Amino acid sequence: ADAKYLRSKHFDLNDLDGDGVKANVLGALPLLKAPIAMRPHYSESWEAEVLEKNLLARREFEKETGIRIPDDLVLDSKHGCEVACELLSLISKSAIDQDHPIFVPIRNGKCIEVVTHQLP
């Protein structure tokens, strides 16, 4: 991303939900109601960091909800968007107040399709 977008001057420090302000992320539009952080142009050199972040998200989710997430789902989430989106869907479905996002690695040539459905 262009350096002009990596500064926090575009984000105020107004804490709207009482759990602190995380102004260290790029982009702040609430396009999805899911704890997602995307990594476009993903390469293998980022796998360890993505896994570390997804393990943090998993620990927070399990602590807050008591719902167990399978080890292999978290361990495989560093390999690509298909598995990471599966992990994201599982956490989004039951999360209470998820602060740590699921990092979704998007390799070149891959994309995420979001399909919305009307609530019954």
Side-chain angles (χ1 to χ4, degrees):
D2 190 298
K4 71 181 179 181
Y5 298 112
L6 297 177
R7 291 177 283 151
S8 62
K9 76 173 195 165
H10 303 290
F11 307 101
D12 63 38
L13 296 179
N14 185 16
D15 183 3
L16 299 176
D17 62 4
D19 68 349
V21 177
K22 286 107 183 139
N24 63 337
V25 295
L26 176 63
L29 296 175
L31 299 176
L32 302 170
K33 190 172 183 175
I36 183 175
M38 291 181 266
R39 290 285 192 233
H41 310 296
Y42 183 73
S43 69
E44 289 181 18
S45 64
W46 297 356
E47 285 185 358
E49 184 180 356
V50 167
L51 178 58
E52 178 185 330
K53 300 290 186 181
N54 287 350
L55 286 168
L56 279 173
R58 172 207 192 168
R59 281 193 288 275
E60 176 189 358
F61 176 78
E62 290 181 341
K63 181 179 178 185
E64 291 181 356
T65 66
I67 299 171
R68 187 98 171 92
I69 295 177
D71 292 336
D72 59 337
L73 184 60
V74 181
L75 295 175
D76 290 343
S77 69
K78 66 182 180 185
H79 294 302
C81 62
E82 295 87 353
V83 178
C85 282
E86 188 177 337
L87 176 61
L88 173 65
S89 295
L90 179 65
I91 287 181
S92 294
K93 182 178 173 183
S94 302
I96 296 167
D97 184 25
Q98 186 76 23
D99 293 317
H100 293 91
I102 297 301
F103 282 76
V104 177
I106 304 172
R107 296 187 192 276
N108 288 339
K110 296 284 187 179
C111 67
I112 297 173
E113 177 182 10
V114 178
V115 180
T116 59
H117 301 277
Q118 185 174 0
L119 291 174

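None of these values were measured; they are calculated from a predicted model. Because only heavy atoms are used, hydrogens play no part in the values below, and waters and symmetry mates are left out as well, while side chains stay in.
- Residues Arg58 and Lys63 form no side-chain contact, since every pair of their non-hydrogen atoms from C-beta on lies 4.5 Å or further apart.
- Distance alone, capped at 3.5 Å, is enough to place a donor-acceptor pair between the Ser77 side chain and the Val74 backbone.
- For Glu82, the side-chain hydrogen bond (donor to acceptor under 3.5 Å, both in side chains) test picks out Lys110, with sequence neighbours left out.
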Pair Glu60-Asp99, side chain to side chain contact (heavy atoms under 4.5 Å, CB included): steps then yes or no = CA-CA 8 Å; Glu60 176 189 358; Asp99 293 317; 3.6 Å; yes
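- Following chains of ILVMFWY side-chain contacts shorter than 4.5 Å, one can reach Ile69 starting from Ile102, so the two form part of one hydrophobic cluster.
- Gln98 places a side-chain heavy atom less than 4.5 Å from the side chain of His100.
- A 4.5 Å side-chain heavy-atom check between Lys78 and Asn54 finds every atom pair outside the cut-off.
- Minimum interatomic distance between Thr65 and Ser94 (heavy atoms only, all atoms of both residues): CG2-O, 3.5 Å.
- One distance of note links CG of Leu87 with CZ of Phe61; it measures 9.0 Å at 0.5 Å rounding.
- Nearest approach of Glu64 to Asp97, heavy atoms of both residues: OE1-O, 3.3 Å.
- Here the CZ atom belonging to Phe103 is positioned 15.0 Å from the CD atom belonging to Glu47, to the nearest 0.5 angstrom.
- Following chains of ILVMFWY side-chain contacts shorter than 4.5 Å, one can reach Leu51 starting from Ile91, so the two form part of one hydrophobic cluster.
- Under the 4.5 Å side-chain heavy-atom criterion for ILVMFWY residues, a single connected hydrophobic cluster contains both Leu55 and Leu88.
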